[in-house]
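Structure first, commentary second.
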Amino acid sequence: MLRYLTQRIIAFVPTLLGVAILVFLAIRLVPGDQITAMLGTEAGMLTQEQRESLEEYFGLDKPVTEQFFAWMGNALQGNFGYSVRHGKPVLSLILERFPVTLELAFLSVIIALAIGIPIGVLSAIHHNSPIDLFGRVISMLGLAVPNFLLGTLIIYVLSVYFGVLPNSGNYVEFTEDPVLNLQQLFYPALTMGFSFAASVMRMTRSAMLEVLNEDYIRTARSKGLHERTVVMGHALRNALIPVVTLIGVEMGYLLGGAVITEQIFSLPGIGRLTVNAISQREYALVQGVTLFIALNFVVINLAVDVIYAAIDPRISYDSKS
Amino acid sequence: MTANPETLTLHRQQGVVRRLLRNYSGLVGSILILLFAITGLLGAAGMTPYPPLEQHPRDRLTGPSAQYWLGTDLFGRDLTSRLMKGGANSLKVAVLSVAIATFFGTIIGITSGYLGGFFDNLIMRVMDIFFAFPSILLALLIVVVLGPGLNNTILAIAIVYTPIFARVARGPVLSLKEMEFVTAARCLGIRQWRILFRHILPNAMAPLIVQVSLALSWSLITEAGLSFLGLGTQPPEPSWGLMLSESRALAEIAPWLMFFPGLAIMLGVLGFNLLGDGLRDVLDPRMARR
């Protein structure tokens, strides 16, 4: 296990370096220079001297490799640059917005599990029955309705039929007013959690069907155990192992995929920060946020592998390697 | 009587189609995709009830009627025609982006898996870099670099999906290259590329075909999502995602503007998902859903 972990962490370094190079080069490839992007139409009023001094200030007059190492060196020290529009360092903006996205992702996972696991288990137990059909239709719909469509529909139904506007008013932090905060995050979390619930449902159902055919389940039943104990205590515990992996993988996607949901519900999370940075051409911010999300994604994937190995004793990474 | 290999392949293909149509998911998926393709092609050919960009100022925001089947938008443009043209654009993005990703991803994946060693390691590490981004974020980043628009959306989705195809194609090659028919082909002195493309690739096709269907569904969602954010198809050109986004401000007085593009996106994605499920059941019995 330790050897596997070490190998994964060593392999993690070049991936991250690659991610950093990709993000750095991507922004350099954007048409137009950064000074114009930063100042907009005002850039046209700059004299040649002013432009050169700005280029020197931002290090844009140096060779690309030198710029990359300077940027990388700064990033390693937590300096991702400065957002001119927000008037704040990029890192402090990210750290300010990240808790919103993190909370949204956690709530989405809770909603997904609360919907997905019970329906998945019922579908498997009542295999090929109307209950199963209902579960499968719900999961099909969950996978076919994209976030932006479900979010739009939720807002429409709430505002037209219930006179409630879920995205009105300023965002309130959990520590300020937990009830209002959860009210504000419930519908966005439902939007993101619904399609994830469909995946959880499918995974739980197929894993349960597989587990219910195992010998040890037959043994448990022949011992005379109550069916509920067999299902909940023996079958579900084992069937949930792949679901844990799914949660981990999805958590990474939820952190990055909150882009659209946060935009629809006007939540000040990291996804909305990204979209606004893109539309306002704030390249330092785009770079910082993308690198931050990719870093999270890679770390979460690594954590999933480790947790997977820890909870499933059948997996031994050491013998494989 | 000996059947020649071409007849055998034809029989096998007919068998797959027949089994797909007997499979519930496969049948419903095929019907939905056929509908999507027909309306999309009619839209692309300009065979719409009205020109999709034509404005009828007197008929602004009228509901579904005999004259305008699905109603009109804020500028009096016919929603049916715009949905058909939007479908054509979505279909174009989905088919082209997935075709590019399948082509390059498969070549990269099978070559990497077949050659193995340092080359394989290098290619897979590069692919890992792309996997380090949530896909919508990578697509966004690429669109930022290339600029918004239909063609750049195609390229962005293709770049995002290429590593996935490379991984899906590489997997089976790793075990196939150790099999006896490959050793036999080598002993016969058949050239490497011929072994790879004529002997190994056809045997690695099943997971790739399933992946194509799922990729088409994902591509449809991404195009609509990027257009929803204003980074995909640019107005006045219609796109389902853009139409949905524009409908939000008018949802209370003209709900049809939200309902029909939403339904179109859902049915399109559902169609590709069901087709993918059906293909998986038919082509890869081990992966079949119970």
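This structure is a prediction, so every number in the text was calculated from the model and none was measured. Letters A, B, ... mirror the listed sequences (proteins, then strands); counts begin at 1.
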Item to check | Check against side chain to side chain contact (heavy atoms under 4.5 Å, CB included), T152(A) and F228(B) | outcome: CA-CA 11 Å; T152(A) 310; F228(B) 188 89; 3.8 Å; yes
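With values rounded to the nearest 0.5 angstrom, L244(B) atom CG is found 5.5 Å from L149(A) atom CG. Note that CG of L16(A) and CD1 of I129(B) are 9.5 Å apart. Values are rounded to the nearest 0.5 Å. One finds the CG atom of L270(B) at 6.5 Å from the CE atom of M140(A) (value rounded to the nearest 0.5 Å).
The heavy-atom pair separating P146(A) from I265(B) by the smallest distance is CG-CG2, 3.7 Å.
A salt bridge does not link D277(B) to R136(A): none of the charged nitrogens lies less than 4.0 Å from a carboxylate oxygen.
In this structure the side chain of V19(A) reaches within 4.5 angstrom of the side chain of F133(B), judged on heavy atoms. With contacts defined as side-chain heavy-atom distances shorter than 4.5 Å, the pair L137(B)/F297(A) does not qualify. Looking at heavy atoms from C-beta onward, F259(B) lies out of side-chain contact with L153(A) at the 4.5 angstrom threshold. No side-chain heavy atom of F148(A) sits under 4.5 Å from any side-chain heavy atom of L229(B). When side chains are defined from C-beta on, V298(A) does not count as touching F131(B), because their heavy atoms never get closer than 4.5 Å. You'll find the side chain of R248(B) stays beyond 4.5 Å of the side chain of I155(A), heavy atoms only.
Judged as a salt bridge (charged side-chain N to carboxylate O under 4.0 Å, His left out), the pairs with a partner in residues 126-136 of chain B (not counting sequence neighbours) are, in order, R125(B)-D128(B), D128(B)-R167(B).
For OH of Y187(A), the number of neighbouring non-hydrogen atoms (other residues, nucleotides, ligands) closer than 6.0 Å is 12 at most. In this structure, F104(B) places its CZ atom where only 12 or fewer heavy-atom neighbours from other residues, nucleotides or ligands lie under 6.0 Å away.
The choice from L22(A), N296(A), V145(A) that makes the most heavy-atom pairs within less than 4.5 Å of chain B is L22(A). Options V160(A), T290(A), L295(A) differ in how many heavy-atom pairs under 4.5 Å they form with chain B, and the most are formed by T290(A). When the candidates S245(B), A224(B), P148(B), G147(B) are compared by the number of heavy-atom contacts under 4.5 Å with chain A, A224(B) comes out ahead. Chosen from G268(B), G262(B), A132(B), G241(B), the residue pairing most often with chain A at heavy-atom distances under 4.5 Å is A132(B).
Both the backbone and the side chain of M266(B) come within less than 4.5 Å of a heavy atom of chain A. For a residue to count as touching a neighbouring chain, one of its non-hydrogen atoms must lie under 4.5 Å from one of that chain's; by this rule I221(B) touches chain A with backbone and side chain alike. Contacts of S135(B) with chain A are made by both backbone and side-chain atoms, with heavy-atom separations under 4.5 Å.
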